[in-house]
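As the structure is a prediction and not an experimental result, all values here were calculated from the model.
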Amino acid sequence: MEMLPQATATELSGNPAGGTLPHHECVGPEADQDTSLETLQSITTEDEMKECSTEKGGEEAEPESFGHSTLALEISLNSSGLEEAPAGIHRKKGFAFNCEHVNFPLCECVARAANPRPNHGRLGRRPGRRSHRGPTLATLRDIGLEVFDETEESDFQESETETENLLADTTDAESDYTAGLESDVEGAVGGDDPNQLAPPSTTGQRRASIVTADSRRDDISPSPEPIKVAVFGTDGVGKSALIVRLLTGRFIGEYDPTLEAVMDTAGHVEVVEVGRERQVSWGEGFMLVFSLTSHDSFTSLNHLRRVILELTPGSPRPMVLVGNKADLVHAREVSDEEIRDLANTWGCDYFEVAAPEPWQVVVRPFAAIYQAVLNGRASH
Ligand SMILES: Nc1nc2c(ncn2[C@@H]2O[C@H](COP(=O)(O)OP(=O)(O)OP(=O)(O)O)[C@@H](O)[C@H]2O)c(=O)[nH]1
């Protein structure tokens, strides 16, 4: 296995906005054969299995609930369910989020980048409140995305209205921390500059495409192939928070306890419960998330990865390692060195993030896995 170049501790810790190691494929040593499918089945609740077999008709075919053809990115999210999860990390049912518009954040910001207009690019704008700010075009290019815009003016107008309506219903409560960060982002990316881009809106129909930076416009399809990314990690590491941030631009804190609640508000995401085995076989790429404040969540990923490798024999799939909660500096339990060693051993990219961080930071691991999956497809 190819090893990664060593990253310095400064590279890992000094850039909490996404320290990455330049490698995509995460194919480690063969999984131990004693880590069997039984392991997974044993952590799959009866309800999950029942639902699985109902949806699949008892076969391994992909369930209808994942069958949207217009998605650029689908996400599956699983709670820990780790057989070897250390005491104190409790298992919960896995959830898969069938997100019709999970491609939307990237698509929308791309569309806005191509067609910036004053007063668009704001989400959560209310009198006297801070607006949420999204990435600039330059930022998007930094993460390897380029623009193709087929979005009509009317789409923007409709979306803006819907977005405002939606957000009018959301809670007023936002943490000071989040507000501070948003303020920082505004400052960092130019304040009221009309070229500002929005974090994802949660509504609207878009016909923008995400393409890799080296694609030629002629080659661009307006309907990118969906990719399926499964997000794994033990309970409480922030999987939901990261996905909600990606999808809605919002940070869910204590006041907003469940991802389901947020998605219900967004109104376009169906939540279905599935078993881990199905999520693994479903996923084309994996985000393995741990919390920088929980060493157990970090060590648990080894077992999870072994399980993934065992379930995908002969077809290694890209993974990225994500250390979340980088903002909780004083509660940090995982050292840079440990992370570097693990990422080197696995041979995969590492991203250090915090869900309340600016959206363009949180989007990076998603963009990386998206690109890795596309690259993998292209090479076959
Ligand atoms: N400070 C801080 N809090 C975070 C961050 N990410 C998540 N949280 C908080 O951590 C708690 C758990 O986050 P979740 O997103 O529910 O974690 P999860 O991995 O989806 O948890 P399960 O649903 O139990 O699997 C919530 O209170 C979040 O607000 C982060 O980056 N920084």
Side-chain angles (χ1 to χ4, degrees), residues 1-32 35 39 77-91 229-242 280 285-310 316-357 361-362 364-366 368-369 372:
M1 182 184 60
E2 189 179 344
M3 297 299 284
L4 289 172
Q6 292 287 311
T8 66
T10 310
E11 281 175 306
L12 287 170
S13 65
N15 179 17
T20 66
L21 299 174
H23 204 286
H24 281 300
E25 286 212 350
C26 208
V27 185
E30 289 303 313
D32 298 340
T35 310
T39 304
L77 170 70
N78 194 1
S79 295
S80 96
L82 297 177
E83 184 69 8
E84 295 172 0
I89 298 183
H90 302 294
R91 298 203 305 250
V229 176
V231 181
F232 289 103
T234 52
D235 290 359
V237 296
K239 301 179 296 295
S240 305
L242 290 173
V280 170
F286 301 98
M287 271 179 56
L288 302 190
V289 184
F290 67 96
S291 168
L292 289 157
T293 64
S294 163
H295 200 270
D296 286 345
S297 73
F298 177 69
T299 54
S300 295
L301 292 183
N302 273 311
H303 174 69
L304 176 55
R305 180 169 170 278
R306 280 205 308 274
V307 172
I308 291 173
L309 291 175
E310 184 173 3
R317 301 175 193 182
M319 299 183 196
V320 292
L321 179 63
V322 179
N324 189 38
K325 305 196 184 183
D327 56 305
L328 301 176
V329 177
H330 299 298
R332 186 168 175 133
E333 290 185 1
V334 190
S335 72
D336 293 337
E337 191 179 7
E338 289 175 289
I339 298 168
R340 183 176 57 238
D341 288 348
L342 189 70
N344 280 337
T345 303
W346 290 7
C348 68
D349 283 356
Y350 171 63
F351 292 85
E352 197 158 296
V353 298
E357 273 181 337
V361 172
V362 173
R364 284 179 184 160
F366 292 96
I369 195 67

(request) Determine the sole option in F351, F232, F366 for which the side-chain contact (heavy atoms from CB on, under 4.5 Å) test with M287 is passed. (result) F366
(message) Looking at N324 and V289, would you say the former's side chain and the latter's main chain have a donor-acceptor pair under 3.5 Å?
(response) no
(message) As an exercise, state the distance from CD1 of I308 to CZ of R306, rounded to the nearest 0.5 Å.
(response) 11.5 Å
(message) If you define the side chain from C-beta out and look only at heavy atoms, does anything of L342 sit under 4.5 Å from N302?
(response) yes
(request) Can you see which heavy atom on V362 is nearest to which on A354, and at what distance? (result) CG2-O, 3.5 Å
(request) Step by step, work out the side chain to side chain contact (heavy atoms under 4.5 Å, CB included) result for D296 and F298. (result) CA-CA 5 Å; D296 286 345; F298 177 69; over 6 Å; no
(request) Return yes if some donor-acceptor pair links the side-chain N/O of S297 with the main-chain N/O of S291 below 3.5 Å, else return no. (result) yes
(request) Output yes when R364 and E357 qualify as a salt bridge under the 4.0 Å nitrogen-oxygen rule, no when they do not. (result) no
(request) Supply the atom-to-atom distance I369 CD1 to R317 CZ, rounded to the nearest 0.5 angstrom. (result) 11.5 Å
(request) Give the intermediate values and the outcome of side chain to side chain contact (heavy atoms under 4.5 Å, CB included) for residues L321 and R305. (result) CA-CA 10 Å; L321 179 63; R305 180 169 170 278; over 6 Å; no
(request) Please name all residues satisfying side chain to side chain donor-acceptor pair (under 3.5 Å) with E338, sequence neighbours left out, ordered by chain then number. (result) H295, S335
(message) To check you understand the geometry: which heavy-atom pair defines the closest contact between V320 and A368, and what is its length?
(response) CG1-CB, 4.3 Å
(message) If you apply the rule side chain to side chain contact (heavy atoms under 4.5 Å, CB included), what do you find for F286 with L304, and how did you get there?
(response) CA-CA 11 Å; F286 301 98; L304 176 55; over 6 Å; no
(request) Please say which of L292, D327, L242 ends up in a side-chain contact (heavy atoms from CB on, under 4.5 Å) with V353. (result) L242
(request) Using the side chain to side chain contact (heavy atoms under 4.5 Å, CB included) rule, take F290 and T299 through it: C-alpha gap first, then chi angles, then the decisive distance, then the call. (result) CA-CA 9 Å; F290 67 96; T299 54; over 6 Å; no
(message) Any side-chain to backbone donor/acceptor pair from K239 onto T234? Under 3.5 Å, distance only.
(response) yes
(request) Specify the closest pair of heavy atoms between A326 and E352, including all atoms of both residues, with the distance to one decimal. (result) CB-CG, 3.9 Å
